[in-house]
2 protein chains.
Amino acid sequence: MKAGPDIALIASLLGDPARANMLTALMGGQALTAGELAAQAGVTAQTASTHLAKLEAGGLLTVRRQGRHRYFALSGSDVAQVLEGLMGLAIRAGHQRTRTGPKEPALRQARVCYDHLAGDLGVAMLDGLVRRGLIAEQGENLSLTPAGQDFTMEFGIDPGILATSSRRPLCKSCLDWSARRSHLAGALGAALLDRIYALGWARRLPDSRIVSFSPGGLKHFQRVFAT
Amino acid sequence: MKAGPDIALIASLLGDPARANMLTALMGGQALTAGELAAQAGVTAQTASTHLAKLEAGGLLTVRRQGRHRYFALSGSDVAQVLEGLMGLAIRAGHQRTRTGPKEPALRQARVCYDHLAGDLGVAMLDGLVRRGLIAEQGENLSLTPAGQDFTMEFGIDPGILATSSRRPLCKSCLDWSARRSHLAGALGAALLDRIYALGWARRLPDSRIVSFSPGGLKHFQRVFAT
DNA sequence: TTCATAATTCGACGATAACCGAAGCATGGG
DNA sequence: CCCATGCTTCGGTTATCGTCGAATTATGAA
């Protein structure tokens, strides 16, 4: 009846709870083994295997063999973007997940969204960058100002990412499902989070998307971005 | 196990072929009755009714009663955006719809994407605007230049949309699934298409997303945007 | 080689949900 | 008042798919 790409085929891949859990776990950006994903999804290894095969066939996941493990990762940031969009639609409809664990507050404060910082601290960072005139905000579009370029140098970011030659956009706004405001994504967002790790301000909690700031690291973060 | 919005719940709504067809039909931006959507999806009125009820409960559709008809429309541009993203993932995986009708070439040339122009002419328009310096392109971010503001005035666009107060972004890039390049979305994209209709350069074909340019209208279009 | 772990394949069970026929409500017109 | 139209609800059938138990292959370690 209609021409065009087949939405239903890949949307049905995201429509299963087990597969959705796996993809959400992979939103952390790092590759996970089949066993880890099975545990995250709450299913046995057999079912996880079939699910992962389907996701790979659908082009949503890439696989890398390493020893007797198979590491799965999202096949690209476009996949992560669609997942974020779906999360946005889900909260708008008021359909939250029922089970809300003890880690929830920590997730709301600071978590990783594919490869950049999200949560309250994520939106605070973007707010600070805009307030200080380092990033220009024009509706939904973000761009790095000349002053912002100086700042990234001082902060220790590799200047190479400023080259517009790369396919990935430098600054990108990403709607935060917990704060319902935007935080900074794109190559710069990823580089800033990397630098925060390198400075020892924060670290990833294992098996979780939570970004845990040390007391001292949080102070530094506040000083740089919240003044 | 995990906190956060429930992706699977609404993704499963998009995962059914009948519902996906309905949503794709509504990407045209105009509201359709339950009967029309049933025909588009290729199912009977009964099944369409249950599908539409689910889509409405999921917050993806809004309904408006008018006489004994019920008009359905996408509940917002964010829904359309997620659908576009899914189309992008689908073509990347090579999963096109099998049946390709005779209208396919016309669809590739010019169609409406929710409320703005897409297809070859859509990307040509954005290309022209960028080449003439009316829109600044910075990676994935688009912004209207001062020269571009003058142009919109001359072209007959209501200056009211330039007010940044509105929630909707003015310029937005939207990945085109047929051309695999970006075209112009956002408030400006919608306003330009409205103006193209008003000038009589093109019109919507009934029961389709095709935008049909008149020979003279196409000439005007080429002159304005492709020089 | 032998054992343990990681992951896949096979087969069968069970539940969910899409589908349509038929009947039931509304709304609008003659 | 009666009929036609648009849409919804109900019941029952069918089929698809997620799930796990058991067995199989592959890799690494002892």
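Just so it is clear, the model here is predicted, and its values are computed rather than measured. Within every chain, numbering begins at 1; the chains are lettered A, B, ... in the order of the sequence lines, protein sequences first and strands thereafter.
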Handout entry: Nearest-nucleotide pick for A:Arg68, side chain only, options being C:dT27, C:dC19, D:dG28
Key = D:dG28
Problem - Interatomic distance, B:Asn21 CG vs C:dC19 P [rounded to whole Å] - result: 10 Å
Problem - Separation between CG of A:Leu170 and CG of A:Leu142, rounded to the nearest 0.5 Å - result: 10.0 Å
Handout entry: From D:dG6, C:dA7, C:dT9, nucleotide with atom closest to A:Ala34 side chain
Key = C:dA7
Problem - Separation of C:dT16 C1' from B:Asp16 CG (nearest whole Å) - result: 13 Å
Problem - Phosphate OP1/OP2 of C:dC20 contacted by B:Thr47 side-chain N/O (<4.0 Å) - result: yes
Exercise for the section: In whole angstrom, give the distance that lies between atom NE2 of B:His69 and atom C1' of C:dC25. Expected result: 16 Å
Handout entry: Check: A:Arg209 side chain, A:Val112 main-chain N or O, donor-acceptor pair, under 3.5 Å
Key = yes
Exercise for the section: Among D:dT19, C:dA7, D:dT8, find the nucleotide with the atom closest to the side chain of A:Val43. Expected result: D:dT19
Fill in the blank from the handout: Between A:Arg19 and B:Thr33, the residue closer to the 5' end of DNA chain D by nearest nucleotide is B:Thr33
Problem - Candidate pair A:Leu13 and A:Lys54, rule side chain to side chain contact (heavy atoms under 4.5 Å, CB included), full reasoning - result: CA-CA 8 Å; A:Leu13 289 178; A:Lys54 289 179 184 176; 4.0 Å; yes
Exercise for the section: Please report, rounded to the nearest Å, how far the C1' atom of D:dG6 is from the CZ atom of B:Arg65. Expected result: 10 Å
Practice task
Look at A:Lys54 and D:dC17 and indicate whether a side-chain polar atom (N or O) is within less than 4.0 Å of OP1 or OP2.
Solution key: no
Problem - Separation of atom CE in A:Met22 from atom P in D:dG18, rounded to whole Å - result: 11 Å
Handout entry: Separation of A:Arg108 CZ from A:Ile210 CD1 (nearest 0.5 Å)
Key = 12.5 Å
Problem - Nucleotide of D:dT9, D:dG18, C:dT8 approaching A:His51 most closely (side-chain heavy atoms) - result: D:dG18
Handout entry: Whole-Å gap separating P (C:dC19) and CG (B:Leu52)
Key = 12 Å
Practice task
Whole angstrom is fine here: how far is it from CD in A:Gln46 over to C1' in D:dA23?
Solution key: 11 Å
Fill in the blank from the handout: CE (A:Met22) and CZ (A:Phe72) are apart, to the nearest 0.5 Å, by 8.5 Å
Practice task
Classify the nucleic acid contact of A:Ala48 as base, sugar-phosphate or nothing, counting any heavy atom under 4.0 Å across all strands shown.
Solution key: nothing
Exercise for the section: Establish, with yes or no, whether the OP1 or OP2 oxygen of D:dC7 is under 4.0 angstrom from a side-chain nitrogen or oxygen of B:Ser49. Expected result: no
Problem - Nucleotide D:dG18, atom P - distance to CG of A:Leu14 in whole Å - result: 12 Å
Problem - Nucleotide nearest A:Arg70 when distance is taken to its side chain, options D:dT8, C:dA7, D:dT19 - result: C:dA7
